[in-house]
Amino acid sequence: FCGEVEDMFTLMWFVIEVNFSGFEQLVDQLGGITVDVPEYASYGGISLNPGVQELNGEQALMLARNRKTYSDGDFTRTTCQRLIAQAIVEKVLQKDPAELATLVPSIAQCFKTDMSLTDIVALANAMQGMSSENMAMAMAPSTTGMIGDASYTFTYINQWKLLMQRASNGEDPTITDQEAAILGTTSTQTEKLDMSEPIPSTILKKLKNLENSEKQAELSQQKQQSSS
């Protein structure tokens, strides 16, 4: 997992690396997590039906690893991993400060991170009261393709640049379908990704026009509601 936390003074990036055994331990030490499983999943002798349910570490790991039974393979797996990450964060934030002080050193043994224990506790305390509505997660805009006999995932270049720009600004990085259509599907399959090169001005102008039209539509709707 990787993420960022912003307050009125700082923007902090952090990385968490967790292996399979550590992942199971993490979920189990939290007492399980609540996940809305998007579709039927089965792997390694464990099966889950769609719907909201409590998962233990073994079940959560299966959901995060499986891809063969999903309708959209790796992309659905990525969605499941995001749901699990969100559920873990929400479970941690349900703990009161006293519980966090004793819980964090224990769960910190389940993963590697560039954050200190003090940073982890401070971050968890600072995020108390937050919910999934305060969180934004995004998947790298991408497609798949073959090179020889191997399947690869290729990133949509301009979509990725806008996503990372928003993340760096502390904004919701989500790219809408309309924005994606404007940004295009030129990918790393045919071109090299160079983050130092800005998004072309012609594309930025179209994005601005889209933003203005959406604001106008919102204002128009508000006027209609106020007059009715």
Side-chain angles (χ1 to χ4, degrees), residues 1-18 64 67 72-86 89 111-116 119-120 122-123 126-127 130-148 150-222:
F1 307 131
C2 66
E4 68 174 53
V5 177
E6 182 183 33
D7 58 27
M8 61 190 301
F9 302 111
T10 61
L11 180 64
M12 175 175 65
W13 287 87
F14 60 90
V15 176
I16 296 174
E17 179 184 333
V18 58
R67 67 182 173 89
D72 203 12
D74 284 326
F75 294 102
T76 302
R77 175 167 62 179
T78 301
T79 296
C80 290
Q81 291 169 351
R82 289 164 58 191
L83 291 172
I84 291 168
Q86 180 176 307
V89 171
F111 55 81
K112 296 179 181 179
T113 180
D114 53 358
M115 302 174 70
S116 68
D119 288 337
I120 297 173
L123 174 61
M127 294 176 68
M130 291 179 63
S131 69
S132 58
E133 295 179 357
N134 305 113
M135 303 176 198
M137 298 187 181
M139 181 173 71
S142 55
T143 186
T144 57
M146 301 294 294
I147 298 180
S151 176
Y152 288 82
T153 298
F154 302 101
T155 302
Y156 292 135
I157 292 175
N158 288 327
Q159 293 184 42
W160 174 251
K161 288 180 179 180
L162 181 60
L163 184 153
M164 291 305 296
Q165 176 182 314
R166 288 174 173 172
S168 296
N169 291 337
E171 305 169 1
D172 184 343
T174 304
I175 304 294
T176 67
D177 290 341
Q178 288 177 299
E179 290 172 332
I182 293 172
L183 290 160
T185 56
T186 299
S187 76
T188 52
Q189 185 173 16
T190 56
E191 293 189 17
K192 181 180 179 180
L193 174 61
D194 184 351
M195 293 300 289
S196 66
E197 292 185 1
I199 298 173
S201 57
T202 52
I203 292 178
L204 292 176
K205 184 176 180 180
K206 290 179 181 179
L207 288 173
K208 189 63 178 178
N209 290 339
L210 173 63
E211 180 184 354
N212 290 336
S213 65
E214 289 176 341
K215 287 181 179 178
Q216 285 295 112
E218 185 177 349
L219 287 173
S220 177
Q221 186 176 18
Q222 290 174 352

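Counting from 1, the numbers follow the sequence of the chain as shown.
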Applying side chain to side chain donor-acceptor pair (under 3.5 Å) as the test, list every pair that has at least one member in residues 199-215; sequence neighbours left out. E211-K215

Which residues share a side chain to side chain contact (heavy atoms under 4.5 Å, CB included) with A181, sequence neighbours left out: none

Kindly compute the distance separating CG (L210) from CD1 (I182), expressed to the nearest 0.5 Å. 4.5 Å

Sorted by chain and number, sequence neighbours left out, salt bridge (Lys or Arg N to Asp or Glu O under 4.0 Å) with R82 holds for none

For residues T185 and T143, determine if any side-chain heavy atom of one lies less than 4.5 Å from a side-chain heavy atom of the other. no

Distance-minimising heavy-atom pair for L204 and I199: CD1-O, 3.5 Å

Taking Q189 for its side chain and F154 for its backbone only, find out whether a donor-acceptor pair lies under 3.5 Å. no

Pairs involving residues 175-186, ordered by first then second residue, that meet salt bridge (charged side-chain N to carboxylate O under 4.0 Å, His left out) (sequence neighbours left out): R166-E179

Would you check if L193 and W160 make a side-chain contact, meaning some heavy-atom pair closer than 4.5 Å? yes

Give me the atom names and distance for the closest heavy-atom approach of L163 to A138. CD1-CB, 3.9 Å

Audit row: K161, E197, side-chain contact (heavy atoms from CB on, under 4.5 Å) steps and yes/no: CA-CA 9 Å; K161 288 180 179 180; E197 292 185 1; 3.7 Å; yes

Backbone N or O of M164 within a donor-acceptor pair of the S168 side chain at under 3.5 Å? yes

With a 4.5 Å heavy-atom cut-off, do T155 and S187 have their side chains touching? no

Going by heavy atoms in the side chains, are L162 and P141 under 4.5 Å from each other? no

Keeping the roles fixed (side chain from Q159, backbone from G184), state whether a donor-acceptor pair exists under 3.5 Å. yes

For S116, enumerate each residue passing the side chain to side chain contact (heavy atoms under 4.5 Å, CB included) test, keeping only those at least two apart in sequence or located in another chain. T118, D119

Quick one: does N169's side chain have a donor or acceptor within less than 3.5 Å of a partner on E171's backbone? no

Could you go through residues 73-80 and list every donor-acceptor pair under 3.5 Å that involves a side-chain atom there, pairing it with any protein atom two or more places apart or in another chain?
| unit_1 | atom_1 | unit_2 | atom_2 | d |
| --- | --- | --- | --- | --- |
| D74 | OD1 | R77 | NH2 | 2.6 |
| R77 | NH1 | R65 | O | 3.0 |
| T78 | OG1 | D74 | O | 3.0 |
| T79 | OG1 | F75 | O | 3.2 |

